[in-house]
Amino acid sequence: MEVVLAKSSGFCFGVKRAVDKVYEQTKTEGKKIYTYGPIIHNEEVVKDLEEKGVVVINDKDELANTHEGCVVIRSHGVSKDIYELIEQNHLECVDATCPFVKRIHNIVEKESANGRKIIIIGNDGHPEVEGIKGWSKTPACVIESKDEAEKFTTDKDEKLCIVSQTTFNYKKFKDLVEIFEKKGYDIIVANTICNATEERQREALELAAKADVMIVIGGTHSSNTRKLYELCKSECEHTYYIQTLADLQLELPNSVELVGITAGASTPNKIIEEVQNYVRINF
Ligand code: SF4
């Protein structure tokens, strides 16, 4: 029996880089380490870091009252004023903003300085979107739905620059951009969608189509893991959704030739390896 792990399983490049940076900091003894917001939506990782002395700063007020140590900025990125506050308070800044997100900050800063109004296609209130907003020299507008795009109006001569939240759905982005284009404004469009999620889903689907049994690992509240599960289930009837190895109750008939494994974006490697080793050794 073969056990195959989907190529893109678990952390994407940006999240892995951010988590690694925090662990790197913990190697310096006696250093006060903070992350601006939880580094990842995974309780186990946040708890493990907490045990190593890493403290989560929840908002700007808490940051304003912090005057010693190092602050790690997570992959979602933050607005410009957070960097300024870190500098003002003489804190060390470890910037783990994903380069794909940083690219959006740069576009937004430059184009807003050139006089373009910034339109962010994304979910208002999402930390990444909040961060992006904070790089625009003039108030940015967040558009999430067709209805909002249809209703958008501004001065006829106003120039626009449209960017997207990295995790936004490409088809929806295209549809919303089309609505803006029909309005006749002078528009620059930057497709800033990251394909990490799409790639993870495509690879899981391909593996599920070949596998006799599929195991999907991730938190029960993780929407991207649920989506992975649904996709795999559509191709492979015997698909299991587990959080950790403890949930796995596999009974494999002898006829099983291929077991596929994939994991959601915030599932640590350690859990993926445990599951993989268990299946390899026990079946
Ligand atoms: Fe991961 Fe892509 Fe987000 Fe970067 S932009 S953190 S690679 S999903």
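Atoms within each ligand, like the ligands themselves, are counted from 1 in listed order. Predicted, not measured: the structure shown is a model, and the values here were computed from it.
- For the salt bridge (charged side-chain N to carboxylate O under 4.0 Å, His left out) condition, the pairs that include at least one residue of residues 119-129, sequence neighbours left out, are D124-K133.
- Listed by chain and number, C12 SG are the protein N/O/S atoms closer than 2.8 Å to atom 1 (Fe) of ligand 1, with waters left out.
- For the pair K110 and W135, the cation-pi test (distance below 6.0 Å, angle within 45°) is failed.
- Cation-pi geometry between K156 and Y185 is met: the NZ or CZ atom falls under 6.0 Å from the ring centre, inside 45° of the normal.
- Put simply, the side chain of K227 does not reach to within 4.5 Å of the side chain of T197, judged on heavy atoms.
- Pairing each heavy atom of S75 with each of V15, the nearest pair is OG-CG2, 3.8 Å.
- There is a side-chain donor-acceptor pair under 3.5 Å between Y23 and D48.
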